[in-house]
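Here's the structure we're looking at; comments come further down.
Note that this is a predicted model, so its numbers are computed, not measured. When reading the values below, keep in mind they use all heavy atoms of this one structure, side chains included, and skip hydrogens, waters and symmetry mates. Note that ligands are numbered from 1 as they come in the structure, with each ligand's atoms numbered from 1 the same way. In this chain, numbering begins with 1 at the start of the sequence shown.
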Amino acid sequence: MCRIHAVAFSREDRLSLETYFSALADLFYPQFCVGCGSRASDVLCRSCFDNLPHVGSPRCARCGHPTAFEAFVCDECKDVDFAFETARAPLRYEGVGKEIIHALKYRGYFPVVEKIMAPMMEFVIEENSFDFVVPVPMHSSRRRKRGFNQAEVMARSVSRKINRPVSDKLEVVRRVRDQVELTAAGRRDNVRGAFRHTGRIGGKVLLVDDVFTTGSTMSECAETLRLAGASEVHAISFCRTC
Ligand SMILES: [Zn+2]
Ligand SMILES: [Zn+2]
């Protein structure tokens, strides 16, 4: 006859079991997903990876805004005078896309750059043979506070992927207000004359930023790059707000 023993774990047993399972979890799920915070085998769990907010296609060939049909220009950009030729972003600035940006920007979690950002950005770049990769610069006071410029970290990673050099000759002249609370016109005024170049940046340039909102920062940078000798400027960001 089979007797069932009630197994009573002591507190010490429970602790050692927890340690054991935690060590096991570390082995299979060594980190936390930046999208939802659950244990994951990589920087994103499978569910968050499946929920990445892709911009997809069709999209406007000029500004990258999602459209109903393939279009050379769209309603969003037909009246806007951009100094760059094209703008692209793989994701919308929401959900997991926003969490990835925040992981880098506010928590300095760099693995997301090599593992998610740069590969996804490279995937949506339609041009090739760039002469330089240029990050949207950050004012020195803000950079000191944060410790890094996220656009520069992203630009360096993209530059390694496409094997083109980074130019650091684009600089901020003055500190600009945070663009978040400004209207489109306010954003353009806010960044007008905010950048300068410290040397020649000729040829075809890939301009990198974290988030594309109205394009006013990218456009102002592109205008300065043209003054520096660039013949074409293509903008790439990880997310766009629409
Ligand atoms: Zn997740
Ligand atoms: Zn457009």
**OP:** Flag H65 as yes if one of its N/O/S atoms falls below 2.8 Å of the Zn ion (ligand 2), otherwise no.
**Re:**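 Coordinating: no.
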Original post:
Given the side-chain rings of F110 and F148, with only the six-membered ring counted for Trp, is the space between their centroids under 6.0 Å?
Top reply: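 Yes, the ring of F110 comes within the 6.0 Å limit of the ring of F148, centre to centre.
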Original post:
Which class fits the ring pair H102 and Y106: parallel under 30°, tilted 30 to 60°, perpendicular over 60°?
Top reply: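 Rings of H102 and Y106: perpendicular, over 60°.
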Subject >> Metal-centred angle, the Zn ion (ligand 2) as apex - SG of C60, SG of C63, 10° resolution >> reply: 110°
Subject >> Vertex the Zn ion (ligand 2), arms to C74 SG and C77 SG, rounded to 10° >> reply: 110°
Original post:
Looking at V136, V113, V208, L104, which hits side chain to side chain contact (heavy atoms under 4.5 Å, CB included) with Q150?
Top reply: L104
Subject >> R59 vs E126, salt bridge (Lys or Arg N to Asp or Glu O under 4.0 Å): CA-CA, chis, key distance, verdict >> reply: CA-CA 13 Å; R59 61 190 157 206; E126 290 162 19; 3.1 Å; yes
Original post:
Between SG of C45 and SG of C48, what angle is found at the Zn ion (ligand 1), rounded to 10 degrees?
Top reply: 110°
